[in-house]
Participant: 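Shown below is the structure under consideration.
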Number of protein chains: 4
Amino acid sequence: MVAESSEKRQKILRAALELIAGHGFHDAPIALIAERAGVGAGTIYRYFEDKDVLIAELFRQLHDKVYTWLMNGYGPDRPLEERFLHLGTALLRYFVANPMDFRFLEQYFNSPYGVAFRRTKLLGTSDNGDLYRRLLEEGVARKVVKDLPLVVLYALATGPLLVVARDHILGFVELSEPLIAQTIQACWDGIKRGVTNENDQ
Amino acid sequence: MVAESSEKRQKILRAALELIAGHGFHDAPIALIAERAGVGAGTIYRYFEDKDVLIAELFRQLHDKVYTWLMNGYGPDRPLEERFLHLGTALLRYFVANPMDFRFLEQYFNSPYGVAFRRTKLLGTSDNGDLYRRLLEEGVARKVVKDLPLVVLYALATGPLLVVARDHILGFVELSEPLIAQTIQACWDGIKRGVTNENDQ
Amino acid sequence: MVAESSEKRQKILRAALELIAGHGFHDAPIALIAERAGVGAGTIYRYFEDKDVLIAELFRQLHDKVYTWLMNGYGPDRPLEERFLHLGTALLRYFVANPMDFRFLEQYFNSPYGVAFRRTKLLGTSDNGDLYRRLLEEGVARKVVKDLPLVVLYALATGPLLVVARDHILGFVELSEPLIAQTIQACWDGIKRGVTNENDQ
Amino acid sequence: MVAESSEKRQKILRAALELIAGHGFHDAPIALIAERAGVGAGTIYRYFEDKDVLIAELFRQLHDKVYTWLMNGYGPDRPLEERFLHLGTALLRYFVANPMDFRFLEQYFNSPYGVAFRRTKLLGTSDNGDLYRRLLEEGVARKVVKDLPLVVLYALATGPLLVVARDHILGFVELSEPLIAQTIQACWDGIKRGVTNENDQ
DNA sequence: GATGAATGAGCGTTCATTCAT
DNA sequence: CATGAATGAACGCTCATTCAT
């Protein structure tokens, strides 16, 4: 096995990212990835068993990158709402700053690979470092967040974010910093338990 | 005669829907669609100019079906919130009842075709029967809904819905009738203008 | 068997001629011929066993038409040269007046069918009404025409004519009546026995 | 490296030539060319962008080969008639010696590609190394050749040659060396200005 | 007789993967 | 280690021919 950090390996992943983000999975033939990476087509198979593995690895890298980004400035001891706003804002900012990463992740989740990952995250028992999951579970336990299944809370917390990120990248809206903040705040409004009416939810 | 409602035409559309919903656009080769529809491969081209047209037509049919479904019981004169809840609930129920339709539409919107459609819907000026759009614009005008760009309101209104529908279909959550209602209510909570705090929004 | 003169049959042959002359053998699918002829595709098979037979029959018709045209005003008792000039001029005029016929015949001769026909004409023993052949054989016997194999004389008599007809139809030259006469005269100059030098040829 | 002279490339061109010469453009599917060349079907596309390019390249090669052959022993300073006889004789010999080349060129000129080439050659103003054209124009200028349009002279010079070459290849005549000479001489007789009779031509 | 919907073999072309160098 | 030429299965699509009506 070749070292994780091989320069060639990174070039290949970068080329794949650019092509897939730019034109979709199916306009990213191996030969083109190789050309853009400046390596031979066969070389790719020295670093990745097949195309599926290459894509899975690309996803893993981006996932790690996003996680690291989210952790940056994350205060685990801050109030729940603040933590929620931090995560959402950071995530949206990340997508605005890294549109290719978003486009790739979108494609990935919209494919059979994505389903498997999602299953692990939502149903898995292992604590796999999912910040959102812990946050939401804590919120429910503390009765700050509506008492809904985790899956639904997830959807409320991230669904609007994904749609708005896509529309920004497609040029349908310009996500300014205040707009980002307002969007995430609205997500929180959807998730948080109503305060005036105890029966609310 | 090749009528709109030709039985073979419908079989072909059905087969395409099943395959695309089940495994994505690219695991639905014409030969397989034909086999599943019980017709020869060449026959498909008597009903559809090419594969793109077949897919576009499938989308059009489903879009019409959804629209009709949403209009069923929709009271244009009812209060805004009620109308919002009606639309969301109906849509989510539809997806729960017609998982293949949902899966297809998801694939479609995640393709170049979908982008074009979205552009028309979000940026177009023509009143093209978009219920959500009119509802949201009215809500903003009446100061019942937060004063955010249409695109963002769209995301808040439909984003969670799409994610939760997918997760239901994938078996990650069981969307009971009450859960559907709670989910849509939460979307409304995200969209509606805060009442107690004037600075809110 | 359907009557030779069936109106539908003629319409089919006409449609085939127009399409083949216009765009070549392979841009003349049966369905298009049927459409242009105003009949059903299946109907064509009531009149012609298959596409090959249709084409062969079209050739036969045109061949007859040309023969009739050449005989028009042909004086079997006129001097050889005069007869030669008559045939060549008539043929060239015919092609100028009926470019589609020429285009079709060109295609036909340039296909496997054409070879069989040519073989019969050049090697066959049956006197099949070939005016040129009799003329040339007579010319050789009378020592007015060079003593060359029939095939070669044929080539000298008709080769330039075919090339010039094609170039006229393609618009590379405008074949006026005097130019036609000059061209055929030049063909005769190539075929006729030299007069001043007995050893000539 | 895909050199001009790659062995596989030549094998593919050779296979295409054999098939097209033998049975025409449309009985030479890529799969058959590949099989005869002893390569995979996909391999052809490494050397040629598509089938059209393969055919165009085949034409270019043969055209060059013919040109080189014609130039062999051509004396630009020899008398016009001698040059004419040299060209015709050489061309006919070439076709007799390379029947497949002839058959291919025949097919090519009888296709849309061929028409474009012909147009350039006949109507183009650039001196594109066309030996025949320069010869004929010179002949007209010197009043050695009949004062006819270039296109017609072309037809008289090459028409018989093409017909006779085809008939030789089809076995309708045996083109011996003397017969070749006589044929070309006859072409010259058709083209040259009559000397005894001033009104001639 | 006449139809045209249905067929499926066959086409040109792409691309993930292999392997000799 | 790295390469890129070679592969062939699979794709979307065409069209001569058949046959139920």
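Excluded from the calculations below are hydrogen atoms, water molecules and symmetry mates; all remaining heavy atoms, backbone and side chain alike, are included. Every chain is numbered from 1, with letters handed out A, B, ... down the list of sequences.
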Participant: Starting at the 5' end of DNA chain F, which residue's closest nucleotide do you reach first, C:Glu49 or D:Gly42?
Facilitator: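 Result of the comparison: D:Gly42.
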Participant: Taking distance alone, no hydrogens or angles, what donor-acceptor pairs closer than 3.5 Å link side-chain atoms of residues 30-45 of chain D to residues at least two apart or in another chain?
Facilitator:
unit_1, atom_1, unit_2, atom_2, d
D:Arg36, NH1, D:Glu18, OE1, 2.5
D:Thr43, OG1, D:Gly40, O, 3.4

Participant: Could you check which of F:dC13, E:dA6, F:dT3 has an atom nearest any side-chain atom of A:Lys8?
Facilitator: F:dT3
Participant: If you measure from CG on A:Leu58 to CZ on A:Arg14, what distance do you get to the nearest 0.5 Å?
Facilitator: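 If we round to the nearest 0.5 Å, A:Leu58:CG and A:Arg14:CZ are 10.0 Å apart.
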Participant: Looking at residues at least two apart in the chain, or sitting in another chain, which of them share a side chain to side chain donor-acceptor pair (under 3.5 Å) with A:Asp64?
Facilitator: A:Arg60
Participant: In residues 16-38 of chain A, which ones come under 4.0 Å of DNA chain F, going by heavy atoms?
Facilitator: none
Participant: Provide, to the nearest angstrom, the distance between the OH atom belonging to D:Tyr45 and the P atom belonging to E:dG12.
Facilitator: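 Checked: the OH to P distance equals 6 Å.
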Participant: Atom CD1 of C:Ile44 and atom P of F:dC15: how far apart are they, to the nearest Å?
Facilitator: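 Distance, rounded to whole Å: 14 Å.
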Participant: Between F:dT7, E:dT7, F:dG4, which one does the side chain of D:Thr43 approach most closely?
Facilitator: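 Of the candidates, F:dT7 comes closest.
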Participant: Give the rounded distance in Å between these two atoms: CD1 of A:Ile12 and P of F:dG4.
Facilitator: 13 Å
Participant: Output the rounded distance in Å from CZ (A:Arg46) to P (F:dA2).
Facilitator: 6 Å
Participant: Under a cut-off of 3.5 Å for both distances of each Watson-Crick or G-U pair, what dot-bracket string does DNA chain F give, using [ ] for crossing pairs and | for inter-strand pairs?
Facilitator: .||||||||||||||||||||
Participant: Hey, are the side chains of A:Phe104 and A:Tyr108 touching, using non-hydrogen atoms and a 4.5 Å cut-off?
Facilitator: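 A side-chain contact exists here, since the closest heavy-atom pair is under 4.5 Å.
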Participant: Measure the shortest side-chain to side-chain distance between D:Gln10 and D:Leu13 over non-hydrogen atoms and say whether it is less than 4.5 angstrom.
Facilitator: yes
Participant: Could you tell me how far apart B:Ile55 (CD1) and F:dC11 (P) are, to the nearest whole angstrom?
Facilitator: 14 Å
Participant: Quick one: does A:Glu106's side chain get under 4.5 Å of A:Ile169's, heavy atoms only?
Facilitator: no
Participant: Starting at CZ of C:Arg9 and ending at P of E:dG1, how long is that distance when rounded to a whole Å?
Facilitator: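 Nearest whole value for this atom pair: 13 Å.
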Participant: On DNA chain E, nearest-nucleotide positions of D:Ala41 versus C:Val39: which is more 5'?
Facilitator: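 Counting from the 5' end, the first nearest nucleotide belongs to C:Val39.
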Participant: Can you list everything that forms a side chain to side chain donor-acceptor pair (under 3.5 Å) with C:Asn98? Sequence neighbours excluded, please.
Facilitator: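 None.
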Participant: Can you give me every donor-acceptor pair (side chain of residues 19-27 of chain B, partner residue at least two apart or in another chain, under 3.5 Å) with its distance?
Facilitator:
none

Participant: Of the nucleotides F:dC13, F:dT17, F:dT3, which one has an atom closest to the side chain of C:Asp50?
Facilitator: F:dT17
Participant: Going by heavy atoms in the side chains, are C:Leu105 and C:Phe95 under 4.5 Å from each other?
Facilitator: yes
Participant: At less than 4.0 Å, is any side-chain N or O atom of D:Lys51 found next to OP1 or OP2 of E:dT13? Yes or no.
Facilitator: no
Participant: From the options F:dA6, F:dA16, F:dA2, select the nucleotide whose nearest atom is closest to the side chain of A:Tyr47.
Facilitator: F:dA2
